[in-house]
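All ligand and atom numbering here is 1-based and tracks the order in the structure.
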Amino acid sequence: MRTLAVVGGGVIGLSAAWRAAGAGFTVTLFDPAVGSGSSWVAGGMLAPLSEGWPGEDAALEFGAASLARWPQFAADLRESTGIEVFVADQTLTVALDAADAADLRTIADFVNAHELPALAAKDISGEGDSDQTADAASARLRLLDRAGVRAAEPSLGRGVRAALLAVAEPAVDNRALVTALRAACVAAGVEFRAERVESLTDLPHDRIVLATGAAAAQLWPSLPIRPVKGEILRLRRRPSAPQPPTRVIRARVHGRPIYIVPRGDGIVLGATQYEVGFDTAVTATGVRDLLTDAESVFPGLGEYEFAEATAGFRPGSPDNLPLVGYLDERVIVAAGHGRNGILDTPVTADAVLALLEGEPLPEARAADPRRFPSVAVSGAPESFTAAPLYPGGVR
Ligand code: GLY
């Protein structure tokens with residue numbers, strides 16, 4: 001019997017534990033408070049295409065590889081737990097001025113020219129709600145003019161002059177996801193230990209997955225992973241307030257990116273981004289900026305009830321790609337997902353399982369931790385000592 005310790009009970013650790021237990025590993029997951037960290041704070045946007053930008057090809061491809069896995073991943077979770085995690089089918093990135101509109105064209109040209117996996121898309125034509133596969137590149141990202149925006153999302157503000165519709169970028173309820181993954185782990189036989197691991201060498205298991213997000217360097221100091229704080233709000237719709245948008249809405253207001261992710265009872269509004277170490281205080285400035293910026297996109301927001309403000313830590317890496325790979329003969333790191341931890345969950349779980357089974361996942365090669373010469377990798381199992389993808393180091 002093969003034993004596996006998973007250190008960290010966010011969505012990355014939980015999904016790795018679930019998949020490994022399903023493959024026959026005896027899995028113990030260590031976390032003093034499972035699912036209470038950034039996975040709980042997050043918004044649940046799955047938007048690798050809308051966040052694409054020329055030159056960031058590896059990030060686009062890694063994110064798209066995970067997005068393509070989401071329908072099956074969610075279906076497996078639903079089958080195991082009965083929990084549905086999707087809350088929106090599409091993403092709309094809106095432009096408030098000419099510069100924003102030009103950026104949207106740049107993103108559309110870059111992404112639509114890229115060869116990417118087929119993505120399940122809803123209602124490409126805008127005239128029905130049948131599921132289709134967006135195999136035509138032009139279907140992935142579509143530019144909408146002012147009238148198109150109003151037809152798609154009538155509750156958006158009149159200052160919105162154009163938008164980019166991503167027909168195959170859904171969103172999930174991150175808290176439902178945590179709950180479902182936890183239940184799936186229990187059903188698969190994962191043992192939970194509410195303990196803080198102080199040193200990986202204390203663990204006797206055959207293999208260890210290090211999935212402690214922004215705190216990963218505390219257990220493996222050479223990892224170039226740092227906390228990037230984000231504040232995020234939850235607003236509940238009151239009966240008199242306008243309905244939330246049906247899609248994820250993304251925008252840049254006064255240079256600050258925001259997103260509105262619909263929920264059954266309201267919206268999630270995120271997120272600030274700055275680096276101040278492990279500080280979980282929600283600042284007055286952060287809340288003010290989020291509300292003011294979002295109101296210029298979705299004016300009905302002011303009628304919502306302010307339900308919650310939280311802060312979490314994105315696990316930042318130097319090149320905005322995660323680190324998934326062996327660090328020595330026992331330890332696999334799965335951390336550094338930055339803004340994309342929820343999006344990257346399915347491909348990371350598959351990549352970890354592939355490493356455990358001895359055959360690295362091709363789609364996850366860009367996440368090889370050996371691209372950073374400063375990461376101390378030693379004695380990885382035989383099949384993982386091939387040259388890293390980027391021998392020159394950070395790309
Ligand atoms: N996933 C969006 C964010 O990090 O704010």
Side-chain angles (χ1 to χ4, degrees), residues 10-12 15 35 37-53 56 59-60 62-64 66-67 70 85-88 90-94 107 164 166 169-178 213-216 225-235 245 247-263 267-276 278-280 282-283 285-287 289-291 293-294 297-298 308-322 335-348:
V11 290
I12 299 294
S15 59
S38 302
S39 299
W40 192 255
V41 172
M45 226 188 1
L46 311 177
L49 314 184
S50 300
E51 294 202 354
W53 194 251
E56 298 178 4
L60 173 64
F62 190 83
S66 202
L67 183 57
W70 255 106
V85 295
F86 285 116
V87 290
Q90 301 185 333
T91 296
L92 194 68
T93 304
V94 304
I107 295 167
L164 189 62
E169 283 189 334
V172 296
D173 180 332
N174 53 301
R175 294 183 175 178
L177 176 64
V178 167
I225 296 176
R226 64 190 199 284
V228 180
K229 180 175 175 180
E231 291 149 318
I232 190 162
L233 312 179
R234 284 174 157 78
L235 305 179
R247 297 169 176 82
V248 175
I249 306 298
R250 307 175 65 249
R252 183 172 291 277
V253 186
H254 305 307
R256 297 183 288 259
I258 56 157
Y259 49 85
I260 296 171
V261 188
R263 290 288 191 269
I267 60 168
V268 177
L269 165 56
T272 60
Q273 180 158 326
Y274 46 104
E275 302 201 23
V276 284
F278 287 97
D279 162 28
T280 50
V282 176
T283 65
T285 303
V287 174
D289 287 349
L290 286 169
L291 290 173
D293 294 349
V297 174
F298 175 49
E308 189 185 310
T310 40
F313 305 113
R314 306 173 183 90
S317 82
D319 59 2
N320 299 323
L321 278 163
H337 293 79
R339 293 173 57 85
N340 297 318
I342 306 281
L343 164 67
D344 291 342
T345 293
V347 77
T348 302

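- Scored by the side chain to side chain contact (heavy atoms under 4.5 Å, CB included) test, Val248 finds Met45, Ala88, Thr91, Ala171, Arg250, Val261, Pro262 as partners (sequence neighbours excluded).
- A donor-acceptor pair is defined here as one N or O able to donate and one able to accept, closer than 3.5 Å; no such pair exists between the side chain of Arg226 and the backbone of Pro315.
- With Ile232 as reference, Thr310 is the one residue of Leu269, Val282, Thr310 to meet the side chain to side chain contact (heavy atoms under 4.5 Å, CB included) rule.
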Enumerate the pairs of nitrogen or oxygen atoms, one from ligand 1 and one from the protein, separated by less than 3.5 angstrom; state names and distance to 0.1 Å.
unit_1: ligand 1; atom_1: 1 (N); unit_2: Arg339; atom_2: O; d: 2.6
unit_1: ligand 1; atom_1: 4 (O); unit_2: Arg314; atom_2: NE; d: 2.6
unit_1: ligand 1; atom_1: 5 (O); unit_2: Tyr259; atom_2: OH; d: 2.6
unit_1: ligand 1; atom_1: 5 (O); unit_2: Arg314; atom_2: NE; d: 3.4
unit_1: ligand 1; atom_1: 5 (O); unit_2: Arg314; atom_2: NH2; d: 2.9

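- Without hydrogens or angle criteria, Ser15 side chain to Val11 main chain gives a donor-acceptor distance under 3.5 Å.
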Worksheet item: After noting the C-alpha distance and the side-chain angles of Arg175 and Val268, does the key distance pass the side-chain contact (heavy atoms from CB on, under 4.5 Å) rule?
Response: CA-CA 12 Å; Arg175 294 183 175 178; Val268 177; over 6 Å; no

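- Here CD1 of Ile225 is found 15.0 Å from CZ of Phe313. Values are rounded to the nearest 0.5 Å.
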